[in-house]
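Report on the following structure.
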Amino acid sequence: MNDLLEVLNPQQQQAVAAPAGPTLVLAGPGSGKTRVLTYRIAYLVGAMNVPAWHILAVTFTNKAARQMGERVQKLLGAQAEGIWLGTFHAVCGRILRREADLLPVDRDFVIFDADDQETLMKEVVREANLDDKLYRPASILDAISRAKNDLVAAEDFPVHNYRDEVTRRLYLQYQQRLVRNNAMDFDDMLVYTNQILENYQVVRETYSHKFEHILVDEFQDTNLAQYAILRNLALLHHNLYVVGDEDQSIYRWRGADYRNIQRFQTDFKDARVILLEQNYRSTQTILDGAMAVIDRNLNRTRKKLFTEQTRGDRINLIVAQDDRDEASRVVSAIRDGIIRERQPASAFAVMYRTNAQSRLLEEAFRREGIPYRLVGAQRFYGRREVKDIISFLRLIHNPKDEVSLRRVINLPARGIGDKSIEKLAEAAAQAGISMGEVLLDMAAGGTETGLSISREGARLLAFARMLHAWRESSTKNTPAILFDRVVEDTGYQNYIQDHSDEGIERWENVLELRTVLLEYEDQGLGAFLEAMALVADQDTLPEAVDAPVMLTLHAAKGLEFDQVFIVGLDEMLLPHSRSRDDEEALAEERRLLYVGITRARKRLTLTRAQRRRSPYGSYEETIPSRFLDDIPAEVLQGSSRGLPGRFAAKQWDDYSRWESPAFMPARREAQPAAKRFKAGMQVRHKTYGRGVVKASRLEHGDETVEVYFEGYGLKALVASLAGLEIL
DNA sequence: GCATCGGATTTTTTT
DNA sequence: AATCCGATGC
């Protein structure tokens with residue numbers, strides 16, 4: 001055990017070997033957080049003799065869970081047997097299946113993903129005779145989700161205006177529908193788990209007795225529901241060990257509340273607090289840039305990140321002509337790194353704010369013939385054909401799943417249209433059972449509903465018999481055999497293979513799904529479906545592939561790369577336009593950039609484009625991200641910040657409301673009426689040193705000077721900002 | 001019941 | 001630009 005501690009610095013040792021009791025580890029980026037967590041687990045088992053099955057470790061993403069699992073396995077081997085380690089949702093799923101008797105749904109409940117939720121909500125809205133333009137299902141669901149994250153039940157939904165009143169009604173309806181579908185959504189998993197812990201003393205005691213030690217990663221991203229669960233689980237032993245960094249809280253929109261860190265310290269007065277500040281990842285230059293960005297945020301504990309590494313290269317700034325140019329410059333920089341500098345391709349990562357930004361990058365990579373890895377985005381599991389097949393399987397597993405039933409009952413087209421489906425729905429309503437159950441009843445020869453006599457009944461009956469046969473098959477055969485039957489019986493291959501390239505790709509996806517299914521031969525269909533619902537972010541490519549990675553800033557959390565490119569440092573993108581009038585949201589955008597910057601080990605490149613194709617149509621001029629202003633010139637190199645556009649009078653008017661007041665002063669006053677510089681002048685710049693003016697022009701009410709600096713090359717500088725000294 | 005066409009509508013991040 | 005929705009015609 002002692003050699004375990006030897007490789008750690010004093011703070012890490014203190015954290016790993018902390019005595020039992022509530023503990024809060026505030027860990028800056030790259031401070032060895034995951035290491036501390038895994039070693040802590042090893043320490044509990046090895047030094048404190050805690051059996052692994054008394055330990056619960058919770059993470060946010062599957063990626064993090066997998067990573068931690070592997071490391072713990074390596075440290076402990078067989079001793080790790082029995083530990084509960086997984087995402088919040090996976091852990092809750094496990095508890096809920098075990099305690100299903102206490103739920104309004106049965107053990108075979110399915111988990112509705114965002115698509116399913118929207119389908120269901122659309123129906124609820126329509127049923128309520130409301131306009132789905134006015135009450136957009138997505139936005140209603142958003143409100144409901146927020147309520148659930150705050151543990152607010154439908155009955156308690158606060159009503160301040162008419163819209164709230166409507167939302168409340170829809171919330172109530174939606175919950176009812178979920179139960180009727182024997183389903184729950186992601187948020188329900190947390191809400192239900194907390195409910196049974198709160199309401200049933202036996203359950204609470206069982207689990208809080210079982211989990212002597214609870215460890216939580218990314219604690220700053222917990223929402224109230226998650227916090228409540230943790231508190232209930234830790235009730236008996238109080239051994240809640242949480243690791244987090246408020247500066248990396250980036251899931252506010254999902255209900256995360258970094259104030260849980262403060263809440264924790266209030267609820268557990270005796271909590272030990274340990275600070276990890278030494279960074280083992282990045283160069284000091286990168287850390288300086290990161291701190292300069294994050295220090296602008298208020299209400300936080302200021303941390304001083306330091307490293308023993310060298311200063312390293314400056315942060316590179318590329319200002320591209322337009323977004324396409326931006327993508328190709330990033331890709332050619334990566335190509336140079338791979339070819340000229342002989343860096344492994346997987347040392348590079350490109351990060352962006354929105355998934356949509358990956359498209360141009362993909363195209364650029366393809367133009368250069370460089371293979372790449374795309375994390376998340378147009379997810380494999382989101383593909384239509386994949387969802388189709390999963391819907392069949394889900395319906396077989398849980399016939400009450402009406403969303404799946406409606407999706408597949410006429411797929412491929414078998415003459416069952418809206419009319420027939422409505423008849424079926426009516427029959428179900430009258431019999432007081434679900435549509436799927438009506439079908440199964442029909443297949444079994446039941447005449448209870450009298451549906452099978454009518455003309456459309458014949459077609460329904462045919463489908464019903466198929467469903468019935470599949471159900472039989474599912475109890476006797478492995479999931480893969482069932483899968484084959486479904487595909488064959490429905491003629492699904494012919495349906496999607498329309499001889500186009502796309503059709504072939506679709507079919508390949510179906511086959512790919514089958515290979516995933518093979519891994520669940522032993523665990524069964526239920527486990528497969530649960531994994532499908534919860535493992536949506538899974539990368540579809542094996543990690544071993546040596547290729548650059550493209551991913552969102554959100555997906556980048558917890559990862560690190562030698563060379564990081566963050567693209568799109570423009571207003572509207574980063575910070576994103578949606579956060580424009582919300583201080584808190586803006587602070588979160590800043591944290592997002594901070595997370596991105598601190599992923600870099602050796603080199604960091606920030607890029608922006610002067611023009612961008614708007615998602616709507618034509619090109620639009622951009623404004624440089626306000627965050628660029630915060631990075632001190634001493635740590636930057638490359639293009640000028642591309643600032644001229646920012647002060648163009650016209651744009652200023654359009655976008656002035658964008659600027660927070662604190663950033664506005666001084667700069668506008670400095671507009672010169674005439675040129676101060678002309679070609680040939682010797683000047684001095686505080687970063688670049690001595691240079692010769694090549695050209696100067698008045699632009700957008702400011703003076704842009706091109707200066708040639710020894711060792712840096714030609715730079716375009718804005719006179720009012722650059723602080724050029726004429727020699 | 002189904003296919004096709006045209007018009008309207010796109011609001012970020014993920015378990 | 002791309003996708004979704006609805007209306008129309010077969």
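Numbers restart at 1 for each chain; the letters A, B, ... are given by sequence-line order, proteins then strands.
- Contact annotation: side chain of Arg353(A) to base of dT13(B), donor-acceptor pair present below 3.5 Å.
- For Glu589(A) and dT11(B), the CD to C1' distance is 13 Å, given to the nearest whole Å.
- For His89(A), the ring pair (Phe, Tyr, Trp, His ring centres under 6.0 Å) partners at least two apart in sequence or on another chain are Phe186(A).
- In this structure, His554(A) does not count as stacked on the base of dT14(B) under the 5.5 Å centre distance and 30° plane angle limits.
- The nucleotide whose nearest atom lies closest to any side-chain atom of Arg578(A) is, among dT14(B), dT12(B), dG1(B), dT12(B).
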Let me check something: any side-chain donor-acceptor pairs from residues 129-139 of chain A under 3.5 Å, sequence neighbours excluded? List them with distances.
residue: Asp131(A); atom: OD1; partner: Lys133(A); partner atom: N; Å: 2.9
residue: Ser139(A); atom: OG; partner: Arg136(A); partner atom: O; Å: 3.4
residue: Ser139(A); atom: OG; partner: Arg163(A); partner atom: NH2; Å: 3.2

Mind listing the N/O atom pairs, protein and nucleotides 2-7 of chain B, below 3.5 Å?
residue: dC2(B); atom: OP1; partner: Gly415(A); partner atom: N; Å: 3.1
residue: dC2(B); atom: OP2; partner: Asn410(A); partner atom: ND2; Å: 3.2

Polar-atom pairs under 3.5 Å, protein N or O versus N or O of nucleotides 5-8 of chain C: list them with distances, or write none.
residue: dC5(C); atom: OP1; partner: Lys122(A); partner atom: NZ; Å: 3.1

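- Within 6.0 Å of atom CZ in Arg367(A), more than 12 heavy atoms from other residues, nucleotides or ligands are found, so the atom counts as buried in its surroundings.
- Here the side chain of Glu571(A) pairs a donor or acceptor atom with the backbone of Arg626(A) at under 3.5 angstrom.
- Both Ala90(A) and Ile421(A) lie near DNA chain B, and the one whose nearest nucleotide falls closer to the 5' end is Ile421(A).
- Ring pair Tyr174(A)/Tyr171(A): centre-to-centre distance not below 6.0 Å.
- With sequence neighbours excluded, no residue forms a ring pair (Phe, Tyr, Trp, His ring centres under 6.0 Å) with Tyr594(A).
- When the P atom of dT13(B) is taken as reference, atom CG of Leu553(A) falls 11 Å away, rounded to whole Å.
- Rounded to an integer number of Å, the gap from Leu534(A) CG to dT15(B) C1' is 7 Å.
- Listed by chain and number, the residues in a ring pair (Phe, Tyr, Trp, His ring centres under 6.0 Å) with Phe109(A) amount to none (sequence neighbours excluded).
- Taking atom CZ of residue Arg136(A) and atom C1' of nucleotide dC4(C), one finds them 12 Å apart after rounding to whole Å.
- Taking the ring centroids of His397(A) and Phe528(A), they lie at or beyond the 6.0 Å cut-off.
- For Thr61(A) and dT14(B), the shortest distance from a side-chain N or O to OP1 or OP2 is not below 4.0 Å.
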